[in-house]
2 protein chains.
Amino acid sequence: MAQKNKLKYIILGLLGEHDLTGYDIAKAFTADIGEFWNANHSQIYPLLKRLETAGLITHQLQLSGEKLEKKVYSLTAAGQAQLSDWLHEPTTELTASKDEFVLKLYFVQNADDPMLQPMLTEQLRLHQAKLAHLQKQMTRKFSAVASKTDNYGHFLILQHAIEREQGYSDWLAQTLAQKTLRAAAARNHL
Amino acid sequence: MAQKNKLKYIILGLLGEHDLTGYDIAKAFTADIGEFWNANHSQIYPLLKRLETAGLITHQLQLSGEKLEKKVYSLTAAGQAQLSDWLHEPTTELTASKDEFVLKLYFVQNADDPMLQPMLTEQLRLHQAKLAHLQKQMTRKFSAVASKTDNYGHFLILQHAIEREQGYSDWLAQTLAQKTLRAAAARNHL
DNA sequence: ATTCCCATGTAACTTGTTACATGATTAA
DNA sequence: TTAATCATGTAACAAGTTACATGGGAAT
């Protein structure tokens with residue numbers, strides 16, 4: 001992509017909460033953050049080195065067992081400052097969502113195209129599954145009332161992801177329903 | 001990104017509708033497709049050459065005025081086949097949305113953080129502006145009933161984008177409202 | 001004349017993905 | 001003992017952005 005190094009701020013942001021290893025950071029993308037960003041360890045490890053060279057983070061070696069060395073990274077004052085700057089600067093770009101399914105839809109010219117129904121049905125299944133997964137996450141992490149104001153950011157993005165998937169599923173279901181209506185109307189006109 | 005060459009299929013898809021120049025294709029990303037994908041001309045022109053070498057598209061030179069040569073590209077049978085393959089193959093990856101604002105929110109730990117309100121307010125303004133723009137597009141292009149089944153894909157993705165922005169705005173407004181409620185409750189407890 | 005849009009390209013760089021590579025620890 | 005997970009790295013490549021570069025056509 002080459003969009004202005006968001007991963008850098010994600011790393012700084014995560015280290016602002018706890019000290020973490022590169023491995024921990026990579027894992028974070030399989031959890032909540034994965035809803036809104038992806039990164040592999042092959043991208044993370046080199047960036048950690050660059051951030052350390054730039055003086056934004058440092059690490060301490062920690063032994064796990066006898067031989068296995070972990071690099072536990074933590075935020076420096078300079079890193080904290082850059083994180084804060086990023087958080088405070090206005091966010092004015094609304095990025096395009098890069099949704100492959102919607103892209104395909106765009107090229108379906110005719111509302112009666114026979115492949116439309118299986119496509120929509122499959123997507124509905126996928127998004128409903130995702131929705132169910134997110135709702136499970138929500139109950140697992142925020143069933144206690146107190147925690148909602150504690151890890152507020154966490155809570156908000158989960159809520160947002162849930163509403164997004166709900167909306168997506170509704171749109172798909174509604175489009176499928178209208179297809180059925182049109183098909184019935186067409187039969188009546190025979 | 002290096003995700004599997006979606007731009008290729010967008011180009012094939014667009015050429016499946018009309019013959020177009022590279023310039024026209026670049027312009028398409030400022031219109032509807034821009035809701036779901038971005039691409040600059042610097043990425044498009046080289047790819048057009050590669051697609052032509054691969055035999056998926058061809059071009060004819062056309063003169064605009066006396067000297068200005070346009071390359072008008074069109075889809076070959078091979079290109080049509082690959083486009084159709086892509087459209088028919090299942091779409092199972094639900095890509096993360098890479099939303100910078102949500103990323104920032106994630107790192108706001110405390111529900112009473114003073115920067116939360118200005119952040120939310122600004123985003124609400126941005127998304128409402130986008131929503132208004134999309135709704136205008138919708139009336140402009142699909143006010144006639146007939147056209148809805150004609151350029152069905154067009155219509156669907158616009159509808160989806162509108163519902164997405166509506167949902168996003170609702171979420172922001174709701175979060176702002178809850179903030180206000182909490183603030184009032186806090187005052188009563190003094 | 002000058003500005004805006006049409007039209008096409010290349011170069012340098014950053015970001016992101018996939019694959020290669022290695023080895024330790026833990027729990028079944 | 002073996003499979004899963006922890007842990008860290010590099011290499012090759014693909015995708016995407018920003019900037020550089022050039023010139024014609026149309027309308028004011």
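Numbered from 1 within each chain, the chains take letters A, B, ... in sequence-line order.
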Counting only side-chain heavy atoms from C-beta out, which of dT17(D), dA7(D), dT17(C) sits nearest to Tyr45(A)? dA7(D)
Counting only side-chain heavy atoms from C-beta out, which of dC6(D), dT18(D), dA15(D) sits nearest to Arg50(B)? dA15(D)
Tell me who clusters with Val72(A), hydrophobic residues only, linked when side chains sit under 4.5 Å apart either directly or through other members. none
Whole Å only: how far is the CD atom of Glu52(A) from the P atom of dG9(D)? 10 Å
Is a donor-acceptor contact shorter than 3.5 angstrom present between the side chain of Thr21(A) and the base of dT8(D)? no
On the nucleotide dG16(D), are OP1 or OP2 found under 4.0 Å from the side-chain N or O atoms that Asn40(B) carries? no
Please answer whether the main-chain N or O of Ala26(B) pairs with a side-chain N or O of Thr30(B) as donor and acceptor at a distance below 3.5 Å. no
Using a cut-off of 4.0 Å on non-hydrogen atoms, how would the nucleic acid contact of Lys8(A) be classed: base, sugar-phosphate, or nothing? nothing
His160(A) vs Trp171(B) aromatic rings, parallel, tilted or perpendicular, using cut-offs 30° and 60°? parallel
Quick one: is dC6(C) close enough that its OP1 or OP2 comes under 4.0 Å of any side-chain N or O from Tyr23(B)? yes
At under 4.0 Å between heavy atoms, how does the protein contact nucleotides 23-28 of chain C? Give one character per nucleotide, 5' to 3', with B, S or -. BSS---
Output all residues satisfying ring-ring contact (aromatic ring centres under 6.0 Å, His included) with Tyr9(B), sequence neighbours left out; order by chain, then residue number. Trp86(B)
Testing the basics here: between Asn110(A) and Leu116(A), what is the closest heavy-atom pair and its distance to 0.1 Å? O-CD2, 4.3 Å
Asn38(A) has an atom CG; how far is it from atom P of dT17(C), in whole Å? 6 Å
Nearest-angstrom distance from the residue atom CD of Gln43(A) to P of dT10(D): 14 Å
What is the distance from NZ of Lys49(B) to C1' of dG9(C), rounded to the nearest Å? 7 Å
Figure out the CG/C1' separation between Leu47(A) and dT10(D), and round it to whole Å. 15 Å
Where the side chain of Leu7(A) is concerned, which of dA19(D), dG16(C), dC6(C) is the nearest nucleotide? dG16(C)
Would you indicate which nucleotide in dG16(D), dG9(C), dA7(D) comes nearest to any side-chain atom of Tyr73(B)? dG9(C)
Only counting residues at least two apart or in another chain, list the ones meeting ring-ring contact (aromatic ring centres under 6.0 Å, His included) with Tyr45(A). His41(A)
Under 4.0 angstrom between Lys98(A) side-chain N/O and dG16(D) OP1 or OP2: yes
Whole-Å distance, Tyr9(A) OH to dT14(C) P, equals 15 Å
Have a look at Lys6(B) and say if it touches a base, only the backbone sugar-phosphate, or nothing, with a 4.0 Å heavy-atom cut-off. nothing
Students should find that the hydrophobic cluster of Leu126(A), defined by side-chain heavy atoms under 4.5 Å apart, otherwise consists of Leu94(B)
Please list, chain by chain and in numerical order, all residues satisfying ring-ring contact (aromatic ring centres under 6.0 Å, His included) with Tyr73(A), sequence neighbours excluded. His59(A)
How close or far is atom C1' of dA7(D) from atom CG of Asp24(A), stated in whole angstroms? 10 Å
Taking CG from Asn5(A) and C1' from dG16(C), how many angstroms apart are they, rounded to a whole number? 12 Å
